[in-house]
Amino acid sequence: MKVFLVIVVAAVVAATAAMIIVGSRTFEGTVVKDPYGTGLRWDEIQRRRRESGWNVVFLPRHATAGRNDIVLSARDRNGRPLSGATVVLRLEGPPPDEAIREAPAIEGSDGNFHAVIDIPLRGSWRATITVTHGGRNMEFEEALYVE
């Protein structure tokens, strides 16, 4: 019985040590510089988004490193396109470089908005989409994965 307990304890210690080693080698650093302030801003954006009824999404939600035609769908509460809106796409890259790219999105004949933008790095980018329509200004934050 003692041998069995020693084997179990040794296995648990080895598994814990392995997890610590793997975890310390894969840490990518701080995700955001001001997590508290970022959280408060996110809550405010979500509240304003719900009140407006507007919805903005990427079509699709990924891109490739290099020049991209990013397609955005901007719709009102009833699913109608926000025709005549001004849309600006701002991308903030992954650490450590945190490159920033910004481009206007032009309304296409399909009712979607198209932004041509050069994305230099692979990884998860934070996108801020600013939409101005009918005298209202709204920001939407989304994630964009770049392959």
Identify every side-chain donor-acceptor pair in residues 78-87 under 3.5 Å, counting partners at least two apart or on other chains, and give the distances.
from : atom 1 : to  : atom 2 : distance (Å)
R80  : NE     : D76 : OD2    : 3.2
R80  : NH2    : D76 : OD2    : 3.1

Please write out which residues are connected to [X] in a hydrophobic cluster, directly or through intermediates, given that two of Ile, Leu, Val, Met, Phe, Trp, Tyr count as joined at side-chain heavy-atom separations below 4.5 angstrom.
{"X": "V71", "result": "V57, L59"}
{"X": "I7", "result": "V3"}
{"X": "V9", "result": "V13"}
{"X": "M1", "result": "none"}

Inset, instruction - Taking salt bridge (Lys or Arg N to Asp or Glu O under 4.0 Å) as the test, write out the residues that go with R101, two or more places apart. - result: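 Listed in chain order: nothing, the list is empty.
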Legend entry - Residues which pass salt bridge (Lys or Arg N to Asp or Glu O under 4.0 Å) with E44, listed by chain and number, not counting sequence neighbours: R47
Legend entry - Any residue meeting side chain to side chain contact (heavy atoms under 4.5 Å, CB included) with R49, in chain and number order, not counting sequence neighbours: Q46, F140, E142
Inset, instruction - Tell me, please, which residues at least two apart from T16 pass side chain to side chain contact (heavy atoms under 4.5 Å, CB included). - result: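 Residues passing side chain to side chain contact (heavy atoms under 4.5 Å, CB included) with T16: V12, I20.
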Inset, instruction - Quick one: which residue pairs count as a salt bridge (charged side-chain N to carboxylate O under 4.0 Å, His left out) with a foot in residues 102-116, not counting sequence neighbours? - result: R90-E102
Legend entry - L144, D118, T128, V146 screened by side-chain contact (heavy atoms from CB on, under 4.5 Å) with L91, the one that passes: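 Result for side-chain contact (heavy atoms from CB on, under 4.5 Å) with L91: L144.
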Let me confirm one number: the [atom1]-[atom2] distance from [X] to [Y], rounded to the nearest 0.5 Å.
{"X": "H114", "Y": "I106", "atom1": "NE2", "atom2": "CD1", "value": "10.0 Å"}
{"X": "N55", "Y": "M138", "atom1": "CG", "atom2": "CE", "value": "11.5 Å"}
{"X": "R75", "Y": "W54", "atom1": "CZ", "atom2": "CH2", "value": "14.0 Å"}

Inset, instruction - Decide yes or no for L72 and F58: does some side-chain heavy atom of the first lie under 4.5 Å from some side-chain heavy atom of the second? - result: yes
Legend entry - Backbone N/O of G108 and side chain of N112: donor-acceptor pair under 3.5 Å: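 No, N112 side chain to G108 backbone: no donor-acceptor pair under 3.5 Å.
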Inset, instruction - Kindly say whether G66 contributes a backbone atom to a donor-acceptor pair with the side chain of N68 at under 3.5 angstrom? - result: yes
Legend entry - Joint cluster assignment, I70 & L121, ILVMFWY side-chain distance < 4.5 Å: yes
Inset, instruction - Taking side chain to side chain donor-acceptor pair (under 3.5 Å) as the test, write out the residues that go with T132, two or more places apart. - result: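 Counting only residues at least two positions away or on another chain, T132 forms a side chain to side chain donor-acceptor pair (under 3.5 Å) with N137.
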Legend entry - Whether over 12 other heavy atoms sit under 6.0 Å from R136 CZ: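 Yes.
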Inset, instruction - Give the minimum heavy-atom separation between A115 and L89, together with the two atoms involved. - result: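 Nearest heavy atoms, A115 then L89: CB-CD2, 4.0 Å.
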Inset, instruction - Determine the minimum heavy-atom distance between P120 and W125, stating which atoms define it. - result: CD-CH2, 3.8 Å
Name every donor-acceptor pair, under 3.5 Å, that has one atom in a side chain of residues 35-43 and the other anywhere in the protein, sequence neighbours excluded.
from : atom 1 : to   : atom 2 : distance (Å)
T38  : OG1    : D34  : O      : 2.7
R41  : NH1    : E141 : OE2    : 2.3
R41  : NH2    : E139 : OE1    : 2.6
R41  : NH2    : E141 : OE2    : 3.4

